[in-house]
Structures are given as structure tokens and as C-alpha cells.
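Notes follow once the structure below has been shown.
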Amino acid sequence: MNSYVPESLPPCSVIEDFLSDWFRKCFAKTFPDVDLAGAGSVAVATNPDFGDFQCNDAMPLAKTLKMPPRKIAEQIVSNASLPGVIESLEVAGPGFINIKLDDTFISGRAVSIGNDEQSCIPQCGAGKTVVIDYSSPNVAKPMHIGHIRSTVIGAALDNLYRALGFNVVADNHIGDWGTQFGIIIMGYRHFIDHEKLEESPAAELERVYVKSYAKAGEDESWMDKCRAELVKLQNGDAENLALWKEFIRLSRIEFDKTYERLGVSFDITRGESYYQDALAGIVERLKDNGLARKSEGAIIVDLSDEDQGVCIVQKSDGAFNYATTDIATVDSRVTEFSPARIIYVTDERQQLHFKQFFNICRKAGIAPETTELEHVWFGLMRLPEGTFSTRQGNVIKLESLLDEAEVRALAIIKDSRPNMPEEEAKELSKHIGIGAIKYADLSQDPRTLITFTWDKALSLDGNSGPYLQYAYARICSVMAKYKEQFPETEPSDYPLILGDELERAIALKLALFPGTVRKAALTYRPCVLADYLFDLAQAYSSFYQRVPFLKAEEGIRESRIRLCGIVAGVLSKGLSLLGINTPERI
RNA sequence: GCGCCUGUAGCUCAAUUGGAUAGAGCGUUAGCCUCCGGAGCUAAAGGCUGUGGGUUCAAGCCCCGCCAGGCGCACCA
């Protein structure tokens with residue numbers, strides 16, 4: 001058996017990268033006179049029966065090379081001198097090249113991942129800054145289930161980018177400015193219940209907002225008064241300013257409670273108001289370089305040539321709106337952080353708005369070419385009976401969702417772990433309940449529409465958060481038992497043997513972890529990682545059921561315990577990147 | 001009307017972004033704790049990938065036309 005590892009493949013690197021590089025060279029060597037456009041990329045095999053990895057790039061070359069695709073693949077294979085990490089290459093079907101890796105190499109990879117603090121996650125973001133704008137709730141409204149996606153997906157991306165070595169600036173761009181404040185101030189003046197405000201500020205502020213909003217709908221003079229209050233606020237009226245500050249203070253206390261429960265934190269929380277002083281200057285700049293002009297009393301940037309309609313940067317009453325604020329925000333972030341990328345996590349409804357202001361930022365030179373602007377949008381959450389809105393009053397508050405999750409988790413714990421102390425059960429129900437909610441969201445593509453149902457959001461078995469937590473806890477338990485029964489032996493003194501087919505599959509899966517993390521981050525899809533972790537847990541559970549660990553003979557026993565340890569490490573690391581805790585006992 | 005998105009097992013979702021026999025979970029049915037945690041494991045049943053055409057060695061994925069749904073489209077964010 002060959003355990004040679006080439007210099008170009010350090011213990012912590014992404015296998016797919018190495019194989020692709022190597023294959024590209026093979027392609028180029030075999031057909032030196034042809035422009036192959038970088039052909040030779042390698043992907044994980046679609047079916048384990050075919051091998052570990054596969055390269056499909058021989059087939060599309062049939063035309064340029066004027067050869068049958070299978071023949072191309074055969075030539076490449078026969079021309080290649082295999083590095084030690086590859087056990088065999090095989091041409092199949094119309095021209096697939098199947099790659100089987102060396103067992104020693106695979107087990108070596110798994111061990112490296114187990115030994116590395118960062119599980120060998122590639123540091124491709126070193127030296128780069130990325131700003132991630134997520135969650136962003138509105139002041140004076142409680143967070144509802146519609147906010148969970150931005151918060152949970154954003155937080156996962158935040159973790160993922162940090163893990164890749166990026167310098168991440170997580171910014172909670174809260175809605176603390178805008179026309180709703182006129183309405184809220186009028187509502188506050190006329191309807192506020194100070195006791196309730198004390199008890200649950202956001203709910204009470206929301207109540208008066210809804211009431212005031214409804215009144216504005218039927219009474220034009222009420223609306224005028226709201227506008228007047230807003231103008232007073234924007235002109236720095238002391239009383240309104242004090243109210244406004246108080247609303248923000250109260251709201252943030254409630255937001256922070258929710259964030260603490262969710263285990264989410266931000267580097268900065270700059271509301272829209274932070275950028276207010278810059279808005280007039282932005283509009284001037286846009287006018288100066290000929291992008292903005294007056295139309296129907298407002299200042300607009302006309303993008304209809306590019307099928308992006310018209311973007312208003314200053315309303316006819318002189319006030320600025322969100323597009324202007326967002327442009328100013330980019331300007332501020334670029335100046336302060338020089339980010340390689342700014343990522344926004346919002347719902348699908350804002351696609352046009354993001355296209356517009358990204359476009360304007362480019363044209364105006366506010367976003368340099370070195371700063372990518374990325375809108376990560378997700379499908380709106382709906383209720384089975386349709387969309388929900390604050391005004392219709394059919395919202396489910398985020399707090400009640402979290403409460404319900406914990407209640408359900410607690411019921412199951414009490415049922416299956418009757419002897420667990422009350423305190424521990426309570427604590428555990430938080431990890432399990434919140435984990436279930438996060439996993440339910442993160443395990444599917446962000447773009448899918450989600451129709452909210454309690455059962456789905458709080459699913460506790462099958463492909464769910466608790467399933468993964470359970471797999472982790474069970475490993476911890478086995479390892480603890482091992483330590484008890486064999487206090488003198490140290491599994492890492494024994495080699496990791498891939499005797500069983502499933503054992504090899506698990507080790508290979510482990511070896512794919514670094515590349516999976518990178519892919520999840522760069523494609524903005526935490527579900528890629530969630531999927532991977534579920535697969536891993538499933539393979540492990542199957543293995544666990546099939547073979548004995550503690551009662552296996554010496555050597556096999558230690559090898560299996562070692563594998564357990566690495567699986568546990570990857571599960572725990574992966575789940576933590578998704579923002580999900582892994583208790584050792586559940 | 002124009003634009004963006006979605007349509008895959010009864011239900012909820014995958015499918016390595018054009019690859020080989022379309023896979024999981026839930027639910028249904030049948031099994032599995034004299035061994036380490038049954039929140040688990042092993043099986044079975046379940047599909048004309050909305051529909052009609054096209055592109056090529058290869059289409060759930062790309063192009064065109066329909067059908068159905070969601071969301072946007074000038075002073076809300």
C-alpha cells in the first residue's frame with residue numbers, strides 16, 4: 001500500500017482542489033496543442049459504486065478534439081502517472097473517469113481533520129473583510145416568524161465566513177427611521193398604556209402603531225398629523241426626538257432578548273438613522289455625475305434602459321427614502337471597512353431594489369470593483385391560509401415560536417428521560433427546541449418558499465436538528481464508556497483501520513468536510529452543510545447499529561472509537577457553524 | 001401588461017449547477033433492544049420531474065411556447 005502524499009497536498013487542504021489541479025495537468029499533457037479551457041475538474045462521485053470522485057470533462061471535448069469521448073478519457077488515463085493518493089482510475093460509460101482514492105490516504109485525511117482545531121477548514125478568506133447585513137428588524141414592532149430566516153441564515157453565513165478566515169463585520173441594519181415613526185408617535189400620544197409598555201414594550205408599541213395606522217386609513221386629517229409629527233422629528237424637535245430614542249431603546253432590549261435565545265450577536269448595530277446626515281450629499285453626488293434627475297417632483301435615477309425601472313432617491317416632499325439610505329450605507333461601509341464583499345440577507349420581495357441600488361453604487365463609483373455586492377434572498381414565509389402581515393394581525397411572534405419549541409422539546413425529554421433533573425431538562429429543552437427551529441430552516445435551500453406549520457418548524461425526528469444532536473450525544477456516551485472500561489489505553493496510539501465498507505465511507509465523508517464548508521459559504525447555502533451533516537450522522541448511526549464498538553477485539557475497537565471521536569468533532573463543528581448546540585447528553 | 005422566482009413520491013424537501021439506475025425525511029406496511037442510548041436501525045410500497053416542443057454523446061437542470069402559483073413594477077422599507 002502506498003502512503004505517499006505529494007508536497008502539493010498538505011494535510012489540511014481541499015481534496016477536490018488537488019484532484020482537479022492534477023487532472024487539469026493530465027488533460028493538458030495529453031493534448032498539449034489544444035486550448036482545453038481548463039478542462040479537468042473533479043467532483044465527488046454521484047454514486048459510490050463508481051468510485052470516490054469522478055471527472056466528466058473528457059466528454060465535452062469530443063467536439064474540439066474530433067474524437068470519440070471515451071477514447072479521449074482512455075488516452076488521458078493511460079497517459080497519467082498516478083500520485084500515491086489515487087489508487088485507480090477507470091473509464092466508464094461514454095467517457096466518465098472514475099477515481100478511487102487510496103485507503104491509507106483517506107484515513108490519514110480523517111485523522112488530520114480530527115487533530116486540527118479548525119477541522120481543516122480552508123482559510124480562503126484570510127486578509128479579506130466581508131460585511132454581512134442580516135436580521136434587520138424594525139423598531140417598535142416585535143420580531144415575528146418572518147424575521148427568523150434572515151436572522152438564522154445570516155448568522156450561519158456569518159459563522160461560515162468566519163470559519164474560512166474572513167474578517168466578518170456582522171451589521172444589524174435596524175429600521176429605526178422612516179414614516180412609521182409619525183404614525184407611532186401619534187399612536188403613542190393617544191393610545192399608549194404605560195403599564196403594558198413597561199411589561200412588553202414592543203407589543204404595546206405595535207398595538208398603538210396598528211391602531212394609529214388603521215385610523216390614518218380612514219381619516220385623512222389623522223394621516224396629516226402623523227406626517228407633521230414625522231417632520232417635527234426630522235427637524236430635531238426635542239420632544240419627538242426623545243420619544244424616538246425611547247422607542248429604540250425599548251425595542252433593542254427586546255431584540256437582544258431574542259438574539260440571546262438564538263445565540264446570535266452582531267459586531268455593530270447601525271440603524272438607518274446612522275446614515276441620515278450623508279443622504280443629501282449622496283443625492284448631490286448622483287446629480288453631479290449625471291445619474292439623477294428631477295421627475296414628477298422627485299429626484300430619480302432612471303434605469304429603465306436596463307429593465308430596472310426607476311429608482312427614487314429623493315421624494316417630492318424633500319424626504320429621502322430607503323434607496324438613498326442603502327446607497328449611503330454602502331458608501332460608509334466601503335470607506336470604513338474596505339470589504340471584499342457586502343452580503344445582504346433579505347426576503348425575495350426586495351430583489352429589484354437591490355439590483356437598482358447595486359447598479360447605482362457601481363455607476364457612481366461608490367462601490368469600487370474590489371467590493372462585490374451580493375443579495376442573498378430567501379423565500380417569504382407564509383401561513384397555510386396565505387401571507388401574514390402586522391396589519392392583518394395574523395403574525396406569529398418569534399418569541400412564541402421559541403417558547404413553543406422549548407415546551408415541545410421539554411415534553412419529549414420528560415417522556416423519554418424521566419430521571420433527568422428538572423434543571424438539566426429545562427436547559428436541554430432550549431438547545432433542542434431552538435436547534436430544531438434553526439435546523440428546519442437551514443436544511444433547505446433559502447430560496448424555497450416556506451409555508452409555516454408548527455409540526456414542520458418543530459420537527460424532532462427524521463431529518464431534524466435533534467436527530468443530529470442525538471447522534472452526537474450517543475457518540476459521547478460510547479466514548480465515555482470506553483474511557484471507563486479501558487482507562488489505560490489511548491485510541492490514538494492505534495491506527496485508523498477502514499476494514500468495513502461503511503467505515504471507509506464514513507472516513508471519506510469526513511474527508512469532504514472542508515470542501516463542504518467552503519461550498520456552503522461561497523454559494524450562500526447553509527443547507528449544503530446541513531445536508532452533509534445529516535448524511536454523516538445517518539452513515540454513523542447505521543454503522544453504530546451494525547457493528548460492536550466496545551466489544552470488538554483490541555485494535556478494531558480502538559480504531560472504531562477513534563472514528564467516533566472524529567465524527568463527533570465534525571458533527572459538533574458543523575452544527576456550531578449552523579448555530580446549533582450539541583449537548584453531550586440529550 | 002412587463003419583470004423576477006417556483007412547480008420533483010400522498011406531504012415536506014434533495015439531486016454536487018449539464019452526468020451514469022432522480023434520492024432523503026414524514027406518513028403507510030413488515031421486521032430489529034440475552035451488545036455500546038429505540039429521539040435509533042433494516043426493508044417494502046410509492047415517479048411520464050406541471051405540460052408541449054427544441055438544443056446534444058447526455059436534460060429535473062439550458063432555450064422557446066403553454067398551464068398553475070408566489071412576489072415585484074414612482075414617492076412604504
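The chains referred to below are lettered A, B, ... by the order of the sequence lines, with proteins before strands, and numbering in each begins at 1. Computation of the quantities below employed the complete heavy-atom set of this structure, encompassing side-chain atoms and omitting hydrogens, waters and symmetry-equivalent molecules.
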Among the nucleotides [options], which one has an atom lying closest to any side-chain atom of [X]?
X: Tyr467(A); options: A77(B), C41(B), C26(B); value: C41(B)
X: Gln538(A); options: A24(B), G19(B), A77(B); value: A24(B)
X: Lys355(A); options: C4(B), G72(B), G40(B); value: C4(B)
X: Gln444(A); options: A39(B), C41(B), A14(B); value: A14(B)
X: Phe96(A); options: C26(B), C36(B), A20(B); value: A20(B)
X: Lys63(A); options: G40(B), C35(B), C57(B); value: C57(B)
X: Ala92(A); options: C36(B), C57(B), A20(B); value: A20(B)
X: Asp531(A); options: A74(B), A14(B), A39(B); value: A14(B)
X: Lys456(A); options: C36(B), A39(B), C13(B); value: C13(B)
X: Asn463(A); options: A39(B), G25(B), A20(B); value: G25(B)

Is there, by distance only and without an angle test, a donor paired with an acceptor across the side chain of [X] and the base of [N] below 3.5 Å?
X: Asn47(A); N: A15(B); value: no
X: Glu272(A); N: A77(B); value: no
X: Tyr470(A); N: A39(B); value: no
X: Ser316(A); N: A74(B); value: no

So does Arg270(A) pair up with Asp171(A), basic N to acidic O under 4.0 Å?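 The answer is no: the pair does not qualify as a salt bridge.
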Does a side-chain N-to-carboxylate-O contact under 4.0 Å join Arg70(A) and Glu74(A)? yes
Checking all strands, does [X] fall into the base, sugar-phosphate, or nothing category for heavy-atom contacts under 4.0 angstrom?
X: Ala62(A); answer: nothing
X: Tyr544(A); answer: base
X: Ser295(A); answer: base
X: Val478(A); answer: sugar-phosphate

For C33(B), glycosidic torsion class - syn if within 90° of 0, otherwise anti: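 Classified syn.
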I want to confirm an ordering. Mapping Leu449(A) and Asn321(A) to their closest nucleotides on RNA chain B, which one lands closer to the 5' end? Leu449(A)
On RNA chain B, does the nearest nucleotide to Arg349(A) precede the nearest nucleotide to Arg525(A) from the 5' side, or the other way round? Give the residue.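 It is Arg525(A), whose closest nucleotide lies nearer the 5' terminus.
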Roughly how many Å apart are [M] and [N], using the [atom1] atom of each and rounding to a whole number?
N: G3(B); M: A43(B); atom1: P; answer: 49 Å
N: U17(B); M: C62(B); atom1: C1'; answer: 11 Å
N: A59(B); M: G54(B); atom1: P; answer: 13 Å
N: C61(B); M: G53(B); atom1: P; answer: 14 Å
N: C48(B); M: G7(B); atom1: C1'; answer: 16 Å
N: G27(B); M: A74(B); atom1: P; answer: 47 Å

Counting only Watson-Crick pairs (N1-N3 plus N6-O4 or O6-N4) and G-U wobbles (N1-O2, O6-N3), all under 3.5 Å, who is the partner of G1(B)?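 Pair assignment: G1(B) / C73(B).
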Once you apply the 3.5 Å cut-off to both distances, tell me the Watson-Crick or G-U wobble partner of A58(B), or none.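 Pair assignment: A58(B) / none.
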